Amino acid sequence: MLQSMLNFLLFATMTVSNGTGSVAHHVVEEAASQWQQQQVSIAVSPAVTYPGDVILVRSPKSKSVTLFSQTYHLRPSQGEYVRFIPIPFNAKPGSYVVETADKRYSAPLEIKAKTFAIDSITVSKQMNSMRQDTNRINADQKKIEAARSQSSPVPYFTKPFIQPTTGRLTTPFGYQRVVNGVPANRHAAIDIANKEGTPIMASNDGKVVLSESIYLTGNTIIIDHGLNVFSIYAHMSKLQAEVGQEVKQGQVIGLMGTTGFSTGPHLHYGMLIGNTYVNPQPFFEASPFLWK
């Protein structure tokens, strides 16, 4: 689309040089104006993404868009309509179009292929049995989803997110987890290992919406960063932030531990759009409002 616009402007400019004067000037100005209007009517960033990642859709007036044959309603925020949309792990590589519901405006999106490795762990029979207590797990999940059911329409953050602790990255995002030889859920977060008691920091400004012991994730904190963006910090030995408390980026909110379903001291850190885990790496690299 951009190349077509450049070709048209080049043609119009040649028309001016060939002597058709003010008419061509008017055409160039009108085309440029229309192009600028098209550009600000819907913006999708990044325009090239991967399975498990996330895009940010922004529009000054369109309230909903379609992608993957699904309609997404944008949220009013600071004079525009916005929404983070997760890219499913099973999204097929290829070219897509994000289109406003009224079909007036659209923006291209390219999803590239990505391969995720396999992460195998071995745990005791007693620990493995924790994963079978579905009643307790489901009860906790309802509690977690309730905490993430509402989010500030105004973002608490403007800066890039930071890695919330120091240590060794033991399990990257997206690895296929295999427990005792049996395939389990995909590891849609990152694990950072260090000694017990290592400080855990808020990865960005936000408001604590959950701070308590959860069966599988142990001592857990969830922070709302606004615009349906949440971060989760699990397996901590100690919680140092309370529900309702507003925290700043870099503020210590707990200490590393090995509570819950855990084989050693580490932080299980995840970022979510609502209840969908997404790759935190793009948030570390730049503020979402500056994604290209």
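Bear in mind that the values here come from a model prediction, so they are computed numbers and not experimental data.
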In terms of hydrophobic clusters joined by side-chain contacts under 4.5 Å, are [X] and [Y] together?
X	Y	value
Leu239	Leu267	yes
Ile87	Tyr50	no
Phe261	Met236	no

Do you know which two heavy atoms are closest between [X] and [Y], and how far apart they sit?
X	Y	result
Lys159	Asn204	O-ND2, 3.0 Å
Val243	Ser211	CG2-N, 3.6 Å
Phe157	Gly226	CE2-O, 4.0 Å
Val98	Val57	CG1-CG2, 4.3 Å

Side-chain heavy atoms of [X] within contact of [Y], under 4.5 Å:
X	Y	result
Pro155	His225	no
Tyr81	Thr100	no
Asp205	Lys248	yes
Thr259	Ser213	no
Asn279	Lys114	yes
Pro93	Lys112	no
Tyr156	Val229	no

Checking Thr258 side chain against Gly264 main chain: does a donor-acceptor pair fall under 3.5 Å?
yes
NZ of Lys207: more than 12 outside heavy atoms within 6.0 angstrom?
no
With Lys103 via salt bridge (charged side-chain N to carboxylate O under 4.0 Å, His left out) - residues at least two apart:
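So Lys103 forms a salt bridge (charged side-chain N to carboxylate O under 4.0 Å, His left out) with Glu99.
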Which residues share a salt bridge (charged side-chain N to carboxylate O under 4.0 Å, His left out) with Glu110, sequence neighbours left out:
none
Linking directly or through intermediates, with side-chain heavy atoms under 4.5 Å: list the remaining ILVMFWY members grouped with [X], chain and number order.
X	value
Met201	Val252
Val178	Ile118
Phe230	Ile144, Val209, Leu210, Ile214, Ile222, Ile232, Leu272, Tyr277

Side chains of [X] and [Y], donor plus acceptor under 3.5 Å:
X	Y	value
His268	Thr217	no
Tyr233	Ser203	yes
Tyr105	Ser62	no

Using the ring of each side chain (for Trp, its six-membered ring), is Phe173 parallel, tilted or perpendicular to Phe89, with breaks at 30° and 60°?
parallel
Pair Phe161 + Phe284: ring centers closer than 6.0 Å
no
Only one of Leu74, Leu227, Asn228 clears side chain to side chain contact (heavy atoms under 4.5 Å, CB included) with Val82; which?
Leu227
According to side chain to side chain contact (heavy atoms under 4.5 Å, CB included), who are the partners of Arg177, at least two apart in sequence or on a separate chain?
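Testing Arg177 for side chain to side chain contact (heavy atoms under 4.5 Å, CB included), a comparison that skips the adjacent residues, returns Asp119, Ile121, Thr171, Val179, Ala184, His187, Asp191.
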